[in-house]
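A, B, ... follow the sequence lines: proteins, then strands. Residue 1 opens every chain.
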Amino acid sequence: MYNTLSRQKELFQTIRPGKVGIYLCGPTVYKPAHIGHMVGPVIFDAIKRYLVYCGYEVTWVVNITDVDDKLIQQSRERGIPMFQVATEMTMDYMANLRSLGVDQIDLMPRATENIEEIIRFIATLIERGFAYASEGDVFFDVARDPGYGKLSNRTAESQQGEGGGAASRKRSPGDFALWKGAKPGEPSWPSPWGEGRPGWHIECSAMSRRILGETFDIHGGGLDLMFPHHENEIAQSECCHGQPMVRYWLHNGLIKAGIESGKVGGRSAREEEQAAIDDKIGRSKGAGGLADLIERQGGERIRFFLLRTHYRSSFVFTEEAVAEAGTGLETFTRLIERFQRITGDDFYDPAKLPLIRQRGQGEIADLSHELLREVAARRTAFLAAMDDDFNSGAAISELFELVRGLNKYADQYELEQPDKAVAERVSAFRRGAQTLRELTAVLGLFRSAPKSAATGAGSSELTGNLIELLIQLRAEARAKKEFATSDQIRQKMAALGVLLEDRKGQTEWRIGS
RNA sequence: GGCGCCGUAGCCAAGUGGUAAGGCAGUGGAUUGCAAAUCCACCAUCCCCGGUUCAAAUCUGGGCGGCGCCUCCA
């Protein structure tokens with residue numbers, strides 16, 4: 001995996017045999033989540049699934065920052081207590097995670113529930129001479145840390161700036177707050193340095209130590225957190241403990257808000273392109289509405305969209321791109337439906353198609369079989385891609401190839417024709433589909449039947465019955481070779497968003513466009 | 001100014017020394033009463049100019065272009 005600290009890929013070796021500790025910087029819960037907040041959780045959700053699949057015992061921690069200047073400001077603007085803002089936005093965040101299938105997080109500690117640990121941490125830093133109290137605040141003394149800047153490749157001396165509003169209380173501008181003295185009316189906790197609250201960075205050092213230990217395996221977060229946040233975490237933890245904080249630092253790329261090209265008019269193409277890139281998504285005005293986006297596109301599409309691109313890449317986000325990814329997803333859902341037609345079994349039901357959860361158990365035994373040899377090759381390539389810095393995009397390309405192989409096989413041997421399908425071939429097809437199930441589960445995709453894509457679902461019983469009636473009438477017209485009538489029925493249904501697909505023996509329908 | 005990233009087909013995107021994955025869109029074909037779905041085929045020499053090498057999209061030097069951080073933004 002690529003380690004930001006060394007700026008190169010390194011072989012993954014755990015600190016304790018078979019166990020992995022992962023800490024991902026979570027959100028400051030002051031506003032509803034946007035798509036950018038989901039990149040880290042989705043990729044790390046897949047990373048954890050993959051590591052577990054490979055046999056590791058993984059503990060994944062995502063913190064919730066529930067005390068902060070921005071929270072205090074929101075609290076004032078809305079006239080409600082800070083904890084209420086935090087609770088509300090934490091619920092929003094977690095609901096979005098659920099929608100995207102992120103359910104692998106083991107612990108979500110909150111800063112305000114770890115104040116004592118934080119205070120102890122700060123006290124140790126002061127004792128050891130790495131921090132100093134100053135008029136109710138406590139600052140980290142950057143000059144005392146010779147290693148400062150190693151993550152972001154900066155030096156303490158090179159730090160510009162005046163040190164912000166607290167400059168007069170700092171020894172040098174680059175010093176950062178560990179503890180902030182409370183101003184009147186601000187939420188605060190008692191401490192040896194007076195009433196106050198934790199600085200931004202200290203909670204991560206304190207909580208990761210409490211849960212994962214003084215040195216742990218993987219620390220993740222957005223690229224934008226590398227400096228100053230992660231740099232300061234390292235400074236705090238390593239000065240406090242005298243040992244490395246983290247083995248591997250992983251940083252995901254950022255998302256910029258893109259405006260749908262069709263909506264920008266009256267300018268030259270180039271200007272339009274410029275204008276379409278609004279700014280980093282977190283700052284852009286029109287970027288919100290993650291819940292709405294999920295409502296429109298569905299969590300699976302967004303998850304697939306995010307996993308298609310390498311996690312270290314930054315890119316421009318548009319809903320068009322999500323929809324396009326969704327078109328690609330249908331290749332998979334159609335194959336899954338085909339599996340159900342051929343075998344009569346529910347792809348998602350582990351009683352019918354056992355889910356392989358361990359890497360060692362998924363090996364294909366029969367490499368002499370024309371289909372299974374292909375399946376095994378795709379599986380190997382998929383795993384190789386994931387082994388190489390979690391290259392989920394390259395891995396997904398192998399899944400497309402796997403599906404193509406299965407479709408080809410089903411076409412070639414007419415597996416959908418009960419009178420022509422050979423049991424041995426259906427069995428091989430089933431085994432291939434099982435590998436698809438195994439590998440998509442590693443990415444957290446296709447874990448259950450989609451809510452709206454499946455035939456009939458998402459509509460009322462009455463609607464379904466009416467559609468079946470129309471299909472029946474059309475079938476009668478077709479039987480009489482009245483194709484003008486049958487085509488008219490199909491076209492008008494399509495205009496209403498009901499797409500028909502004739503198969504041998506029967507007609508299926510789906511909602512689509 | 002300091003630190004860092006990027007420039008691959010119409011669009012998105014993998015690939016970091018051995019002769020260009022995959023997706024979307026498109027074209028032709030098989031299949032279909034016609035469609036849809038599926039399958040087959042086609043669709044790039046990798047921003048530009050030098051250098052290293054038997055061999056470079058991949059390494060190196062320069063140029064042009066785009067972007068991020070240095071502002072408590074994932």
Side-chain angles (χ1 to χ4, degrees), chain A residues 4 7 9 24-28 31 33-41 62 65 68-71 93 149 152-155 158-161 164 174 176-177 180 199-201 220-229 231-232 251-256 261 273-274 277 279-283 304-305 308-310 312-316 318 320-321 323-331 334-335 337-338 381 385 388 391-401 403-404 406-412 416 478 481-484 486-487 490-491 494 499-504 507-510 512:
Chain A
T4 306
R7 308 207 171 265
K9 287 181 189 171
L24 176 69
C25 282
T28 300
K31 276 173 142 180
H34 59 254
I35 181 74
H37 289 121
M38 296 295 124
V39 179
V62 178
T65 301
D68 163 277
D69 291 351
K70 285 175 300 196
L71 270 149
Y93 181 71
S152 56
N153 195 18
R154 296 157 207 260
T155 58
S158 75
Q159 289 312 301
Q160 306 278 318
F176 55 91
K180 293 178 160 188
W200 177 33
H201 317 293
L223 205 52
D224 51 344
L225 294 182
M226 198 168 91
F227 187 90
H229 184 56
E231 195 69 72
N232 292 351
H251 288 96
N252 59 263
L254 305 176
I255 290 184
K256 285 178 290 186
S261 53
E273 198 174 312
Q274 280 301 109
I277 301 169
D279 192 355
K280 213 159 81 174
I281 198 159
R283 289 176 187 154
F304 181 70
F305 169 76
R308 260 187 359 153
T309 302
H310 191 96
R312 279 194 279 120
S313 304
S314 294
F315 59 94
V316 175
T318 64
E320 286 171 338
E324 187 186 296
T327 304
L329 254 194
E330 288 175 12
T331 301
R334 290 202 165 100
L335 186 275
E337 287 166 12
R338 195 171 193 185
D388 184 10
N391 193 338
S392 54
I396 284 172
S397 79
E398 298 299 330
L399 296 182
F400 274 102
E401 295 282 12
V403 168
R404 195 212 309 280
L406 288 167
N407 270 322
K408 192 172 177 175
Y409 191 76
D411 277 0
Q412 193 177 347
E416 291 194 57
R478 290 180 72 208
K481 305 230 186 270
E482 292 168 3
F483 295 122
S486 69
D487 287 351
R490 189 183 61 212
Q491 283 154 18
L499 306 179
L500 301 187
E501 296 183 7
D502 293 331
R503 307 200 182 283
K504 293 272 191 293
T507 298
E508 300 203 342
W509 61 275
R510 69 173 70 245

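One atom, CG of D68(A), and another, C1' of A74(B), lie 14 Å apart when rounded to the nearest Å. Protein atom CG of N407(A) is 9 Å distant from nucleotide atom C1' of A37(B), rounded to whole Å. Rounded to whole Å, the distance from CG on L329(A) to P on C24(B) is 10 Å. G68(B) atom P lies 22 Å from atom NE2 of H229(A), rounded to whole Å. Counting to the nearest Å, the C1' atom of C34(B) and the CG atom of L500(A) are 13 Å from each other. In this entry the distance linking CG of L225(A) with P of C70(B) reads 10 Å, nearest Å. The CG-P distance, from N252(A) to C69(B), rounds to 14 Å in whole Å. Atom-to-atom, CZ of R503(A) to P of C34(B) comes out at 17 Å; the value is rounded to the nearest Å.
Between the P atoms of A36(B) and G26(B), the separation comes to 11 Å (whole Å). A74(B) sits 48 Å from C42(B) when the P atoms are compared, rounded to a whole Å. Distance check on atom C1': A25(B) versus C43(B) gives 11 Å, rounded to whole Å. With both ends at atom P, the span from A13(B) to A41(B) equals 26 Å, rounded to whole Å. The same atom, C1', is picked in A30(B) and in G68(B); the two are 50 Å apart, to the nearest Å. Between C39(B) and G7(B), the two C1' atoms lie 36 Å apart (nearest whole Å).
Here the CG-CZ distance, from L335(A) to R404(A), works out to 12.0 Å after rounding to the nearest 0.5 Å.
Under the rule for a side chain to side chain donor-acceptor pair (under 3.5 Å), R308(A) has no partner lying at least two apart in sequence or in another chain. T507(A) pairs by the side chain to side chain donor-acceptor pair (under 3.5 Å) definition with D502(A), not counting sequence neighbours. Under the rule for a side chain to side chain donor-acceptor pair (under 3.5 Å), E324(A) has no partner lying at least two apart in sequence or in another chain.
Side chain of S314(A) to backbone of L254(A): a donor-acceptor contact under 3.5 angstrom is found.
Across all strands shown, G26(B) is found opposite C42(B) as a Watson-Crick or G-U wobble partner, with both distances under 3.5 Å. Here G33(B) sits opposite no nucleotide as a Watson-Crick or G-U wobble pair (both hydrogen-bonding atom distances under 3.5 Å). Nucleotide C5(B): paired with G66(B) (Watson-Crick or G-U wobble, both distances less than 3.5 Å).
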Open item on the list: Determine whether H34(A) and I255(A) satisfy the following criterion, side chain to side chain contact (heavy atoms under 4.5 Å, CB included), listing intermediate values before the conclusion.
Closed with: CA-CA 10 Å; H34(A) 59 254; I255(A) 290 184; over 6 Å; no

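For a distance-only test at 3.5 Å, the side chain of R312(A) fails to qualify as a donor-acceptor partner of the base of C5(B).
Contacts of G26(A) with the nucleic acid, taken as non-hydrogen atoms under 4.0 Å apart, involve only primed sugar atoms and P, OP1 or OP2. Residue N153(A) is in sugar-phosphate contact alone, with no base atom involved, counting any heavy-atom pair closer than 4.0 Å across all strands shown. T28(A) comes within 4.0 angstrom of the backbone, heavy atoms only, and of no base. G221(A) comes within 4.0 angstrom of sugar-phosphate atoms only, judged by non-hydrogen atoms across all strands, and of no base.
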Polar atom pairs between nucleotides 7-9 of chain B and protein, under 3.5 Å, N or O only, would you list them?
none

Dump every N/O contact between nucleotides 28-32 of chain B and the protein below 3.5 Å, one line per pair.
none

Open item on the list: At under 4.0 Å between heavy atoms, how does the protein contact nucleotides 11-23 of chain B? Give one character per nucleotide, 5' to 3', with B, S or -.
Closed with: -SSSS-----BSB

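Applying the 4.0 Å criterion to OP1 and OP2 of C40(B), one finds that K408(A) has a side-chain N or O inside that range.
With salt bridges taken as basic N to acidic carboxylate O contacts below 4.0 Å, none links R510(A) and E508(A). Salt-bridge formation is not detected for the pair E337(A)/R334(A): no Lys NZ or Arg NE/NH1/NH2 atom is positioned less than 4.0 Å from an Asp or Glu carboxylate oxygen.
The aromatic rings of W200(A) and H229(A) sit parallel to each other, their planes meeting at less than 30°, with 60° as the upper class boundary.
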